[in-house]
Amino acid sequence: MNGFMLSAFRLLFILLLLLVVPPAGAQTDWRQDIRQWLTVEGDGDGADADDVLELLTDLAESKLDINHVSREDLRRLPFLTDQHIEAILEYVNRYGPMRSLSELQMLPALDADTRRLLVHFVTVGGSAPAAPGSSSSFVPSGFATGLPFLLADGRHTLMATVRIPFYRRRGDDDGYLGYPYRHDLRYQFVSRDRLKFGITGAQDAGEPFFANKNTLGYDHYAYYFQLRHQGRLEQLNVGTYRVQLGMGLVINSGFHLGKLASLQSLGRSAQGLSAHTSRSSQGYLRGAAATIRLTDGLRLTAFASYRPLDATLNDSDGTVRTVLTDGYHRTASELDRKHNTYLTDVGASIALSSRTARDFSRSSRSFLTLTVLSSHFSRPLQPPTSAAYRRYAMTGSHFFNASLAYGYVNSRLSFSGETAVNGDAALATLHVLSVKTTDQLSLMFLHRYFDRRYTAFHGYAFAEGGAVQNEHGVYAGVSWQPSRSLYVQAYADYAHFPWLRYQVGAASDALDFTLRVRTLFKYIGLEGRYRYRLRQRDDADHTVLLNHPEHRLRLQATVSVGQVSGGSANGSAALTLITQADGVYLPAAGSAAEASASSGILLSQQAAWQHRWFRITASIAWFHTDDYDSRLYRYEPSVLHDFSFPAYYGHGLRYAFMARADITKRFMTAIKIGTTDYFDRAVISSGLQQIDASSQTDLLLQLRYTF
């Protein structure tokens, strides 16, 4: 291991010495700012950090022109509230095009955090505002003239990433059918955030490459074509794509935010179509989808999809026992389950709005959306229902869902809701009310009711239980900024589960409370967060429910020197230091024979330094937890499209180093090496993943060429 480490660091040092090409200018990593907003960092509150960051990675590469942006464009940024969006559109409409992003400070509705995030994803473009109902004035309005224009004015990007392990898993020697390297290759063409197409090939470690069932090379391909804002055709997607409609009760194949991030966006849910560009083999649709503007206030979205699924099958009749979502195809048995079932989806949505994209004759906006979805599985779903908690699981081949979403928005108040039914006439409903009482104080209230009989394969919404089924809950949150440098956020969420759940043999309850306090000064930011969660589970004899409380605390200090509000180092060096302490305590539940208290602590330090074209990041974390239940999570910077929110448990040390160089405007290279040393074990993991060592080291290499 020491030899490997020495060779790796020697290689890194040589690469750094070679980076002597004249600099090309760069901005600070937007992910450094977004992590302050996406505070979940894998701590289990339900936010899809990977999907959020994948979406924002694409938007950071293809920035929105704030002078020609529509309401639908801005809704793609999940950290903006409805009030933020209305304020931006109204400012451009009233005062004309922005000359600089510094003008964002003129909008009282935008706090400092929102402005700092926004500048990473928008730019200042042309001077002529868009016509009402459209989204752009400088892109030709017709398909025939617009597409050639966009093809001649775009940017091609080639990117390759490989993860090299400096260890052997048991499956690498006997069990896995492929090489121990994870790698992916991406090609993408982008033009003015109007045209995008490309292909992503991805391979997990251990999966066969140009062998076995993967005769076409990679185990997973995402291929996509997206055209936006061509006359009445607002968006066209062909290939792999994602759909988010309403509040997710019928279909949300994109992502949803966690409870604290939902409070920061005041419950607004992203909507519409987006290209699926990531290496993830789950959650997408494959086929075609389009949104057409029938009139200025009426839009039709329709989609059709036919895609393969992995599933375990019942031996007796070949029906589906379980739909698999891990995406691994490393062994003969995993390959046997690959793409053995197909899912067909056909759906449509018609949305009516009282206000067009740039119509400010009204001070408020209301909307109404009807969504229908029909799904068919090539093999009937027949999960085992002998266990009582599975009684209402999805069974059969054909499924139908329909919903009506509705809402009202003005500068101070936002109300939105969705009510859905499935083919069995079971009901699911979700409503959100947010009130901005002053520029400093916002309140949010959410109510949800999901019948135990309601099922939606693509449903994905705000929920404690992880599914749009068997839950009745209420949520209340508050955001308060008593001064320019002090932010206070808090929420309380209560959920009741009327029917049985896994390891819960009776009706049960859950409680979740979080308090977050932040202070921001010129160079220093301090944050404290406390979270209390209570869940109920069966005792060892399955005779009574026990309360399982959980206390989590985070303290963080951030020091930033050399940065400006626009997000760039402005030609000078920028240094960011993040010191963080995390702790968890789980009191004993039941008698001492059944359970004992557990706790854990994680101390970490991260340093990031950037000088124009060159950026380095180093981090170290020490962790000590009693068991897996007391695990802790921490965000770790990585290369593009690689998102790291690992769980730490046991006793050990994690240290990592990353360097990125934008050598020219066309060529970027990045390298990351990380090691986890465990002090309490001689073997890591188990089964085919077992590593016969107390430490593991991975090297990530990435190259990107743009032309």
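What you see is a predicted model; the values in this text were computed from it and never measured.
Test Val639, Ile616, Thr617, Leu640 against Arg660 for side-chain contact (heavy atoms from CB on, under 4.5 Å) and you get one pass: Leu640.
With hydrogens and angles disregarded, a donor-acceptor distance shorter than 3.5 Å links the side chain of Tyr454 to the backbone of Leu249. With hydrogens and angles ignored, the 3.5 Å screen pairs no side-chain donor or acceptor of Asn67 with any backbone N or O of Pro97. Between the side chain of Gln536 and the backbone N or O of Ser508, no donor-acceptor pair lies under 3.5 Å.
Looking at residues two or more places apart in sequence or on another chain, you find a side chain to side chain donor-acceptor pair (under 3.5 Å) between Arg631 and Tyr633. Under the rule for a side chain to side chain contact (heavy atoms under 4.5 Å, CB included), the partners of Leu602 that lie at least two apart in sequence or sit in another chain are Asp582, Ser604, Ala621, Phe623, Leu632, Arg634, Tyr648. Looking at residues two or more places apart in sequence or on another chain, you find a side chain to side chain donor-acceptor pair (under 3.5 Å) between Asp439 and Arg412. Remark: Leu404 engages Leu368, Leu370, Tyr406 in a side chain to side chain contact (heavy atoms under 4.5 Å, CB included) (not counting sequence neighbours). Shown here are the ring pair (Phe, Tyr, Trp, His ring centres under 6.0 Å) partners of Phe521, two or more places apart in sequence or in another chain: there are none. The salt bridge (Lys or Arg N to Asp or Glu O under 4.0 Å) search around Glu464 returns Lys259, Arg533, Arg535, not counting sequence neighbours. Annotation: ring pair (Phe, Tyr, Trp, His ring centres under 6.0 Å) contacts of His458 (sequence neighbours excluded): none. Remark: Phe445 pairs with no residue by the ring pair (Phe, Tyr, Trp, His ring centres under 6.0 Å) rule, at least two apart or across chains. Residues passing the side chain to side chain contact (heavy atoms under 4.5 Å, CB included) test with Leu526, sequence neighbours excluded: Thr519, Ile524, Ala557. Annotation: ring pair (Phe, Tyr, Trp, His ring centres under 6.0 Å) contacts of Tyr449 (sequence neighbours excluded): His472. Applying the side chain to side chain donor-acceptor pair (under 3.5 Å) test to Asn470 and every residue at least two apart in sequence or in another chain returns nothing. Every residue two or more places apart in sequence or in another chain that forms a side chain to side chain donor-acceptor pair (under 3.5 Å) with Thr371 is listed here: Ser349.
The structure places CE of Met247 at 11.5 Å from OG1 of Thr369, a figure rounded to the nearest 0.5 Å. Between the CD1 atom of Ile578 and the OG1 atom of Thr558 there is a distance of 4.5 Å, given to the nearest 0.5 Å.
Considering all non-hydrogen atoms of both residues, Phe513 and Tyr491 come closest at CD1-O, 3.2 Å. Residues Val468 and Ala461 share a closest heavy-atom pair of CG2-N, 3.8 Å. Annotation for Ser414 and Val409: closest pair OG-CG2, 3.9 Å, computed over non-hydrogen atoms. The nearest pair of heavy atoms linking Glu471 to Ala495 is OE2-CB, 4.0 Å.
There is no side-chain donor-acceptor pair under 3.5 Å between Tyr95 and Glu103. For the residue pair His229 and Asp73, a side-chain donor N or O sits within less than 3.5 Å of a side-chain acceptor on the partner.
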message = Test salt bridge (charged side-chain N to carboxylate O under 4.0 Å, His left out) on Glu527 and Arg554; report intermediate values, then the result.
response = CA-CA 8 Å; Glu527 177 180 332; Arg554 170 173 296 171; 5.7 Å; no
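Salt bridge Asp662/Arg615: absent, no basic N to carboxylate O contact under 4.0 Å. Ionic pairing of Asp65 and Arg194 is not present here: no N-O contact between side-chain nitrogen and carboxylate oxygen is shorter than 4.0 angstrom.
A heavy-atom distance below 4.5 Å is not found between the side chains of Lys63 and Val122. Counting only heavy atoms from C-beta outward, the side chains of His551 and Tyr530 approach each other to under 4.5 Å.
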